[in-house]
Q: 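The structure's right below; bear with me while I get my questions together.
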Amino acid sequence: MPMDPAQWIDVVEDKFKYQLEHFVIPDHYEKDVESILIPHGLIMDRIAKLAQIITSEYDDERVVVCCVLKGGHQFFSDLVRYMKKALNRQGRTLPMTLDFIRVKSYENDKSSGQVHISMTEKELHELKGKNLLLVEDIIDTGNTMKKLLETLSQYDVKSVKVASLLLKKTPLSCGYVPDYVGFAVPDLFVVGYCLDFNDIFRDLDHICAISETGKTKYSV
């Protein structure tokens, strides 16, 4: 079930536009990002809360927590770390299995319109009867996730839920909203906390808006 917007943090650009000089930014990115939208500390606190919410909605059955690579790996790592300490609906720790899937749809700052999934047929069939939690870094138009979910629906997965750190507020959205959302962000191309621009900026702790200089510098 899509998360109620009242349950996520709505990042409004005018209010969540921190100056670069107020935080630690790697020297090599000083001209490549415009502003900080979500500082690292706020990201971590929100993930801790999401972990509590997610875990509390599961029973004792094992959950396959599946990282959508590459961008989702930092969120996945931190989310799982907090979920290990959280309690499920029965007040017990949640048994989990970890898995990974690579889904690619972007070149530069535009969606290619095609979705490439790394799992083999054998690996997909092994999901039959399991509870699957997909962990994604950002839902942009929603088309990539919709296509991924359509693919997974063919393999008799018992349940599929999606946790996304970010949900972009874009007029290009297909209307898809995941089960769990950390922050709703403005219609900007955001980088940092392992969100990338052509594989650059994954080493930036904060979530930032990329500058035009950054786009030009790292375009392929």
Q: Atom CG in Leu42, atom NE2 in His40: separation rounded to 0.5 Å?
A: 11.0 Å
Q: What heavy-atom pair brings Ala51 and Ala86 nearest, and what distance separates the two atoms?
A: O-CB, 3.9 Å
Q: So, for Asp179 and Val162, which heavy atoms are closest and what is the spacing to 0.1 Å?
A: OD2-N, 2.8 Å
Q: Please round to the nearest 0.5 Å and tell me the distance separating atom CG of Leu124 and atom CG of Leu152.
A: 6.5 Å
Q: Kindly compute the distance separating NZ (Lys168) from CG (Leu188), expressed to the nearest 0.5 Å.
A: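 That separation rounds to 7.0 Å.
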Q: Between atom CH2 of Trp8 and atom CE of Met3, what is the distance when rounded to the nearest 0.5 Å?
A: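 One finds 8.0 Å between CH2 of Trp8 and CE of Met3.
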Q: Would Lys147 and Glu150 pass as an ion pair if we require N to O under 4.0 Å?
A: no
Q: Val191 versus Tyr29: any side-chain heavy-atom pair under 4.5 Å?
A: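 A side-chain contact is absent here, since even the closest heavy-atom pair is not under 4.5 Å.
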Q: How close do Pro171 and Asp187 get, counting heavy atoms only, and between which atoms?
A: CD-OD2, 3.5 Å
Q: Might you confirm whether atom CD of Gln7 has over 12 heavy atoms from other residues, nucleotides or ligands at distances under 6.0 Å?
A: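 Counting neighbours around CD of Gln7, more than 12 heavy atoms of other residues, nucleotides or ligands fall under 6.0 Å, so yes.
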Q: Can you name the one residue among Ile38, Asp78, Leu204 that meets side chain to side chain contact (heavy atoms under 4.5 Å, CB included) with Tyr193?
A: Asp78
Q: If I compare all heavy atoms of Pro95 with all of Thr93, which pair ends up nearest, and what's the gap?
A: CD-O, 3.6 Å
Q: Taking the side chain as every heavy atom from C-beta outward, state whether Met96 and Lys84 have any pair of such atoms under 4.5 Å apart.
A: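 In short, these two side chains touch, coming nearer than 4.5 Å.
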Q: Do Leu69 and Phe76 have side chains that get closer than 4.5 Å, going by heavy atoms?
A: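 They are not in contact (no side-chain heavy atoms under 4.5 Å apart), so the answer is no.
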Q: Rounded to the nearest 0.5 Å, how far does CG of Leu87 lie from CD of Gln52?
A: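 Rounded to the nearest 0.5 Å, the CD-CG separation comes to 9.0 Å.
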Q: Minimum heavy-atom separation for Pro178 to Leu167, with atom names?
A: CD-CD1, 4.1 Å
Q: If every non-hydrogen atom of Leu134 is compared with every non-hydrogen atom of Leu149, which pair is closest and at what distance?
A: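 Heavy-atom minimum between the residues: CD1-CD2, 3.9 Å.
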Q: What distance separates Glu136 CD from Ile101 CD1, expressed to the nearest 0.5 Å?
A: 10.0 Å
Q: Less than 4.5 Å apart, any side-chain heavy atom of Met83 and any of Leu133?
A: yes
Q: Taking atom NZ of Lys161 as the centre, report whether more than 12 heavy atoms of other residues, nucleotides or ligands fall under 6.0 Å from it.
A: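 Yes - once you tally the heavy atoms of other residues, nucleotides and ligands closer than 6.0 Å, there are more than 12.
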Q: Check for me, please, whether Leu98 and Leu132 land in the same ILVMFWY cluster - side-chain distances under 4.5 Å, paths through other members count.
A: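 Yes, it is one cluster - the side chains of Leu98 and Leu132 are joined through contacts under 4.5 Å.
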